[in-house]
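To start, the structure under review is shown below, and the notes come after it.
As the structure is a computational prediction, the values presented were derived from the model and not from experiment. Both ligands and their constituent atoms are indexed starting at 1 by order of listing. Just so you know, residue 1 is the first one in the sequence shown, and it goes up from there.
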Amino acid sequence: MAGLLTQEEIKVGVSQLEGWTLEGKELRTTRKFKDFVDAIAFVNQLVEPAESAGHHPDIAISYNKVTITLTTHDAGGLTANDFDIARIISQL
Ligand SMILES: C[C@H](O)[C@H](O)[C@H]1CNC2=NC(N)=NC(=O)C2=N1
C-alpha cells in the first residue's frame with residue numbers, strides 16, 4: 001500500500017495539478033458539462049483508469065456538474081496513488 005505523503009510532497013503535487021484544490025486530506029476538482037448526459041459520459045471515462053489502478057475517486061454528480069474527490073481511504077490521507085489518478089483525470 002502506498003504510504004502517506006508529507007505536507008511538502010502534497011504541496012508540490014497540488015502545485016503541478018491544474019484545477020484541483022487541497023481540502024484537508026483530499027484532492028478535489030469540479031467539472032461542468034453541457035448537460036447531464038455529458039456529465040455521465042465523463043463519469044464513465046473514470047471507470048477504466050480507476051479499475052486499472054485499483055484506486056477509485058469519490059464522485060458526486062449534480063445535473064451537469066461532476067465533483068471528484070481523491071484520498072486513499074486505506075491510508076487515511078493522500079498518497080502517490082491519488083496524484084497518479086488526478087493526473088490521468090486531468091487529461092480526460
Ligand atoms: C482492495 C482494494 O484494492 C482497495 O480497497 C482499494 C480500492 N480502491 C481504493 N480507492 C481509494 N480512493 N482508496 C483506497 O484506499 C482504495 N483501496
(message) Within the structure provided, determine whether Thr30 and Val66 are in side-chain contact (heavy-atom separation under 4.5 Å).
(response)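 With C-beta onward as the side chain, the pair stays apart.
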(message) Within the 4.5 Å heavy-atom criterion, are His56 and Glu51 side-chain neighbours or not?
(response) yes
Scan the side chains in residues 33-46 for donor-acceptor partners under 3.5 Å anywhere in the protein, sequence neighbours excluded, and list what turns up.
unit_1: Asp35; atom_1: OD1; unit_2: Val37; atom_2: N; d: 3.3
unit_1: Asp35; atom_1: OD1; unit_2: Asp38; atom_2: N; d: 2.9
unit_1: Asn44; atom_1: ND2; unit_2: Ile40; atom_2: O; d: 3.1

(request) Applying side chain to side chain contact (heavy atoms under 4.5 Å, CB included), name anything that partners Lys11, two or more places apart in sequence or on another chain. (result) Glu8
Please set out all donor-acceptor pairs under 3.5 angstrom arising from side-chain atoms of residues 85-92, sequence neighbours excluded.
unit_1: Arg87; atom_1: NH2; unit_2: Asp84; atom_2: OD1; d: 2.8
unit_1: Ser90; atom_1: OG; unit_2: Trp20; atom_2: NE1; d: 2.8
unit_1: Ser90; atom_1: OG; unit_2: Ala86; atom_2: O; d: 2.9

(request) Any chance you could lay out the side chain to side chain donor-acceptor pair (under 3.5 Å) test for Thr72 and Asn81, step after step, and finish with the verdict? (result) CA-CA 7 Å; Thr72 301; Asn81 293 338; 5.0 Å; no
With the criterion set at N/O pairs under 3.5 Å, what does the list of contacts between the protein and ligand 1 look like, atom names and distances included?
unit_1: ligand 1; atom_1: 8 (N); unit_2: Gly54; atom_2: O; d: 3.3
unit_1: ligand 1; atom_1: 8 (N); unit_2: His56; atom_2: ND1; d: 2.8
unit_1: ligand 1; atom_1: 10 (N); unit_2: His56; atom_2: N; d: 3.0
unit_1: ligand 1; atom_1: 12 (N); unit_2: His56; atom_2: O; d: 2.9
unit_1: ligand 1; atom_1: 12 (N); unit_2: Thr71; atom_2: O; d: 2.8
unit_1: ligand 1; atom_1: 13 (N); unit_2: His73; atom_2: N; d: 3.1
unit_1: ligand 1; atom_1: 15 (O); unit_2: His73; atom_2: N; d: 3.2
unit_1: ligand 1; atom_1: 15 (O); unit_2: Asp74; atom_2: N; d: 2.8
unit_1: ligand 1; atom_1: 15 (O); unit_2: Asp74; atom_2: OD1; d: 3.2
unit_1: ligand 1; atom_1: 15 (O); unit_2: Asp74; atom_2: OD2; d: 3.2
unit_1: ligand 1; atom_1: 17 (N); unit_2: Asp74; atom_2: OD2; d: 3.0

